[in-house]
Amino acid sequence: MAEEELQMEEGGGKSKMMIIIIAAVVVVAGAAAAYFLLGSSDEPEMVDGEQVQSESMADGEADDGGGSAKLGTALYVAMPRPFVFNVPGSGRDRLVQIKVQLMVRGSDNEETAKMHVPLIEGTLLKVFSGANADDLVTEAGKVALREQAIREVQKSLQELTGSQVVEQVLFTGFVMQ
């Protein structure tokens, strides 16, 4: 009987040791994940009390002082539904579906864009429905449509808010039938 008790105690010690090892591995993995996910520094560097532009920023991001978008983190605001519309073509009319996301700088502009989604949707639909199917077949036609869309969205938001909220209009899906 004493031998049976001794064997049971030894077996229990091994399982407890395995549980402790597994728990330690989970804690270390969690700490490493938190370090890598939360430890990245997206804050601007300060040198001698002045803010230094990081090397990872693109050239066109600097604030030019006018009504441009504030310098900040690029955030994307997805339009809630794709735009579906008819466009005339030389051979026949075509049905087009475009999924759009707006690139804004900073959380203030993100909130402003989300608040004015109906205005942005109406402006984009007006621009898109004025397009021609023959132009949308080419890459140059798509680029021209995107540039016209950003101009019109910026113009309508400038009139309403007094600032340039949206930096870019991005097509994340483009289907023409």
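- Under the 4.5 Å side-chain heavy-atom criterion for Ile, Leu, Val, Met, Phe, Trp and Tyr, Ile98 and Val87 are members of the same hydrophobic cluster.
- Rounded to the nearest 0.5 Å, atoms CE (Met17) and CD1 (Ile20) are 6.5 Å apart.
- In this structure, Leu119 is a member of the same hydrophobic cluster as Leu125, with clusters built from ILVMFWY side-chain heavy atoms closer than 4.5 Å.
- Contacts classified as ring-ring contact (aromatic ring centres under 6.0 Å, His included) and involving residues 103-145 (residues at least two apart or in different chains) are given here: Phe83-Phe128, Phe85-Phe128, Phe128-Phe171.
- Shortest non-hydrogen contact noted between Leu124 and Ala149 is CD2-CB, 3.6 Å.
- Transitive grouping of hydrophobic side chains (ILVMFWY, heavy atoms separated by less than 4.5 Å) keeps Leu170 and Val104 in distinct clusters.
- Applying the salt bridge (Lys or Arg N to Asp or Glu O under 4.0 Å) rule to Lys126 yields no partners; only residues at least two apart in sequence or on another chain are considered.
- One hydrophobic cluster, built from ILVMFWY side chains closer than 4.5 Å, holds both Val165 and Leu160.
- Smallest separation of non-hydrogen atoms from Pro82 and Lys99: CB-CG, 3.8 Å.
- Residues passing the side chain to side chain contact (heavy atoms under 4.5 Å, CB included) test with Ala74 are Tyr76, Met103, Arg105, sequence neighbours excluded.
- Taking CD from Gln154 and OG1 from Thr123, the interatomic distance works out to 11.5 Å, rounded to the nearest 0.5 Å.
- Pairs passing the salt bridge (charged side-chain N to carboxylate O under 4.0 Å, His left out) check and including a residue from residues 136-150, sequence neighbours excluded, do not occur.
- Going from atom CG of Leu75 over to atom CD of Glu110 covers 4.5 Å, rounded to the nearest 0.5 Å.
- Across every non-hydrogen atom of Ala131 and Pro88, the tightest pair is O-CD, 3.8 Å.
- Across Leu136 and Gly141, no two heavy atoms sit closer than the pair CD2-O, 4.2 Å.
- Every side chain to side chain contact (heavy atoms under 4.5 Å, CB included) that Glu159 has, sequence neighbours left out, goes to Lys155.
- Counting Ile, Leu, Val, Met, Phe, Trp and Tyr side chains that sit under 4.5 Å apart, directly or through other members, Val143 stands alone, with no cluster partners.
- Applying the side chain to side chain contact (heavy atoms under 4.5 Å, CB included) criterion to Pro118, with sequence neighbours excluded, gives no partner residue.
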Gln164 and Gln158: CA distance, side-chain angles, deciding distance, side-chain contact (heavy atoms from CB on, under 4.5 Å) verdict: CA-CA 6 Å; Gln164 179 180 328; Gln158 180 75 30; 4.3 Å; yes

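- Every residue two or more places apart in sequence or in another chain was checked for a side chain to side chain contact (heavy atoms under 4.5 Å, CB included) with Ser129, and none qualifies.
- Summarising the geometry of Val100 relative to Thr172, their closest heavy-atom pair is N-OG1, 4.0 Å, with the distance given to 0.1 Å.
- Taking Glu121 as the reference, Arg81 meet the salt bridge (Lys or Arg N to Asp or Glu O under 4.0 Å) condition, with sequence neighbours excluded.
- Taken from CG in Asn109 to OG1 in Thr161, the straight-line distance is 8.0 Å, to the nearest 0.5 Å.
- Here the CG atom belonging to Leu145 is positioned 10.5 Å from the OG1 atom belonging to Thr138, to the nearest 0.5 angstrom.
- Evaluation of the salt bridge (charged side-chain N to carboxylate O under 4.0 Å, His left out) test over residues 19-34, restricted to residues two or more places apart or in two chains, returns none.
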Only pairs under 3.5 Å count here: list side-chain donor-acceptor contacts from residues 89-97, not counting sequence neighbours, and write none if there are none.
unit_1 : atom_1 : unit_2 : atom_2 : d
Ser90  : OG     : Asp134 : OD1    : 3.4
Ser90  : OG     : Asp134 : OD2    : 3.3

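- The line from CD1 of Ile120 to CG of Leu157 is 4.5 Å long, rounded to the nearest 0.5 Å.
- If you chain together hydrophobic residues whose side chains sit under 4.5 Å apart, Val169 and Val117 fall into the same group.
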